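Only heavy atoms go into these numbers, but all of them, side chains included; no hydrogens, no water, no symmetry mates. This is a predicted model, so every value here is computed, not measured.
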Amino acid sequence: MNVLIVEDEKSLALEMDEFLSKEGFIVEHAWKKSSAEEKIFVNNYDFILLDLGLPDGDGFEILKQLKAMKDRDDAVIILTARSAVDDRIKGLDEGADDYLPKPFSLNELLARMHAITRRKHKLEKNEVNVHDFMLNIQNRTVSFGDERLNLTKKEFEIFNYLVLNKNRVVSRMSLTEHVWGDILEVNSDSNFVDVHVKNLRKKLSGISPIDWFETVRSIGYRINC
């Protein structure tokens with residue numbers, strides 16, 4: 001999943017980047033309100049970690065703009081030194097998914113992100129069963145019975161994103177954005193997405209039939225459950 005960190009305290013932003021990158025997230029930064037708005041205009045994110053006190057504006061303005069956009073479901077966690085109850089209430093009223101005051105534990109941040117993912121996709125736990133394949137979104141593993149599949153990082157991310165959006169057609173562009181990050185840095189003419197999907201299919205079908213893994217011609221892919 002891809003994450004946008006909107007935080008002008010660079011040491012904290014880099015600390016979060018290092019931690020989340022090790023957990024498998026694709027991370028981008030915005031140090032100012034203006035740069036955050038530019039990135040949000042171009043890309044969709046799974047998570048936006050939003051500081052309120054930015055050098056060129058208030059983080060609440062970003063939140064309002066984001067929630068006014070159609071077809072956006074970026075999860076927003078407000079990260080701020082502001083401890084007033086009114087600010088917390090305002091953030092949640094404006095559409096934030098959670099609120100974490102500074103200083104905070106990175107492990108707690110990760111736990112809250114997993115909790116939001118479960119709520120968003122109506123999961124009771126971190127494991128999702130897909131036609132006898134078991135995907136663990138926290139441990140980042142896929143298994144079939146007692147056998148764990150040897151997936152690459154990108155193969156897991158593709159499978160994870162398709163499973164979380166099961167029964168929906170996921171376009172190649174959306175898959176690229178959520179698995180590789182900033183779409184402006186990706187060669188849209190490349191077939192690298194199809195190559196990774198082909199390798200993933202091969203590994204899954206080597207264990208069990210996967211007629212539920214569908215290619216939707218000229219659009220993208222869908223997992224039917």
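Cluster partners of Val195 are absent, since no Ile, Leu, Val, Met, Phe, Trp or Tyr has side-chain heavy atoms less than 4.5 Å from it. Hydrophobic clustering, defined by side-chain heavy atoms of Ile, Leu, Val, Met, Phe, Trp and Tyr closer than 4.5 Å, leaves Leu92 isolated from every other such residue.
Trp31 and Met16 sit in two unconnected hydrophobic clusters of ILVMFWY residues. Membership requires side-chain heavy atoms under 4.5 Å apart, directly or through other members. Residue Leu63 is grouped with residue Met69 when hydrophobic side chains (ILVMFWY) are merged at heavy-atom distances under 4.5 angstrom, including chains of intermediate members. Under a hydrophobic-cluster definition in which Ile, Leu, Val, Met, Phe, Trp and Tyr are linked whenever side-chain heavy atoms come within less than 4.5 Å, directly or via other members, Ile219 and Leu162 are assigned to different clusters. Taken together through direct or relayed side-chain contacts under 4.5 Å among Ile, Leu, Val, Met, Phe, Trp and Tyr, Phe60 and Leu4 form part of one hydrophobic cluster. In this structure, Leu135 is a member of the same hydrophobic cluster as Ile207, with clusters built from ILVMFWY side-chain heavy atoms closer than 4.5 Å.
Pairing each heavy atom of Glu177 with each of Asn2, the nearest pair is O-ND2, 3.2 Å. Heavy-atom minimum distance, Cys225 versus Ile223: SG-CG2, 3.7 Å.
The CZ atom of Phe104 sits 5.0 Å away from atom CG of Leu12, with the distance rounded to the nearest 0.5 Å. In this structure, OG1 on Thr176 lies 11.5 Å from CG on Asn43, to the nearest 0.5 angstrom. The CG atom of Leu110 lies 7.0 Å from the CG atom of Leu20; values are rounded to the nearest 0.5 Å. Atoms CD1 and CD1, from Ile48 and Ile5 in turn, are 11.5 Å apart once rounded to the nearest 0.5 Å. Of the inter-residue distances, the one linking Glu28 atom CD with Ile40 atom CD1 reads 10.5 Å to the nearest 0.5 angstrom. With rounding to the nearest 0.5 angstrom, the CZ atom of Phe25 is 9.0 Å from the CZ atom of Phe19.
Residue-environment remark: NZ (Lys32) stays at or below the threshold of 12 foreign heavy atoms within 6.0 Å. The number of heavy atoms from other shown groups lying within 6.0 Å of CG (Asn129) is above 12. For NZ of Lys120, the number of neighbouring non-hydrogen atoms (other residues, nucleotides, ligands) closer than 6.0 Å is greater than 12.
In this structure the side chain of Glu7 never reaches within 4.5 angstrom of the side chain of Leu49, judged on heavy atoms. Val76 has its side chain out of reach of Glu94: every pair of non-hydrogen atoms, C-beta onward, lies at least 4.5 Å apart. The shortest side-chain heavy-atom distance between Phe159 and Leu149 does not fall under the 4.5 Å cut-off. Contact annotation: the side chain of Lys102 approaches that of Asp51 to within less than 4.5 Å [non-hydrogen atoms, C-beta and beyond]. The closest side-chain heavy-atom distance from Phe47 to Asp97 is not below 4.5 Å. In this structure, Leu52 and Asp58 have side chains that are in contact, with non-hydrogen atoms separated by less than 4.5 Å.
With hydrogens and angles disregarded, no donor-acceptor distance shorter than 3.5 Å links the side chain of Asn44 to the backbone of Ser174. Between the Asp56 side chain and the Lys33 main chain, a donor and an acceptor come within less than 3.5 Å of each other. Checking side-chain atoms of Glu9 against main-chain N and O of Ser11 turns up no donor-acceptor pair under 3.5 Å. Judged purely by atom type and a 3.5 angstrom limit, Asp98 has no side-chain atom pairing as donor or acceptor with the backbone of Ile77. Here the side chain of Asn165 pairs no donor or acceptor atom with the backbone of Arg168 at under 3.5 angstrom.
Counting only residues at least two apart or in different chains, salt bridge (charged side-chain N to carboxylate O under 4.0 Å, His left out) contacts with residues 143-156 comprise Glu155-Lys203. Legend: side chain to side chain donor-acceptor pair (under 3.5 Å) pairs involving residues 215-225, not counting sequence neighbours, sorted by first then second residue: Asp194-Tyr221, Arg201-Thr215, Glu214-Arg222, Glu214-Asn224, Arg222-Asn224.
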Exercise for review: Show your reasoning for whether side-chain contact (heavy atoms from CB on, under 4.5 Å) applies to Leu54 and Ile62.
Suggested key: CA-CA 10 Å; Leu54 300 171; Ile62 296 175; 3.7 Å; yes
Exercise for review: Give the intermediate values and the outcome of side-chain contact (heavy atoms from CB on, under 4.5 Å) for residues Asp46 and Val3.
Suggested key: CA-CA 6 Å; Asp46 294 291; Val3 179; 5.9 Å; no
Exercise for review: Starting from the C-alpha separation in whole Å, work towards a yes-or-no answer on side-chain contact (heavy atoms from CB on, under 4.5 Å) for His29 and Leu14.
Suggested key: CA-CA 9 Å; His29 296 158; Leu14 293 174; 3.6 Å; yes
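Judged as a side chain to side chain contact (heavy atoms under 4.5 Å, CB included), and not counting sequence neighbours, the contacts of Leu123 are Arg118, His121, Val128, Ile137, Leu164. Partners of Arg140 under the salt bridge (Lys or Arg N to Asp or Glu O under 4.0 Å) rule, at least two apart in sequence or in another chain, are Glu157. Residues satisfying the ring-ring contact (aromatic ring centres under 6.0 Å, His included) criterion with His131, sequence neighbours excluded, are Trp212. Under the rule for a ring-ring contact (aromatic ring centres under 6.0 Å, His included), Phe156 has no partner lying at least two apart in sequence or in another chain. With sequence neighbours left out, the side chain to side chain contact (heavy atoms under 4.5 Å, CB included) criterion links Ala111 to no other residue. Arg119 is linked by a side chain to side chain contact (heavy atoms under 4.5 Å, CB included) to Ala115, Ile116, counting only residues two or more places apart in sequence or in another chain. Applying the ring-ring contact (aromatic ring centres under 6.0 Å, His included) criterion to Phe144, with sequence neighbours excluded, gives Phe133. For Ser143, the side chain to side chain contact (heavy atoms under 4.5 Å, CB included) criterion is met by Met134, not counting sequence neighbours.
Between Phe192 and His196, the ring planes lie perpendicular to each other; the angle is over 60°, past the 30° to 60° tilted range.
In this structure, a donor-acceptor pair under 3.5 Å is absent between the side chains of His114 and Asn126.
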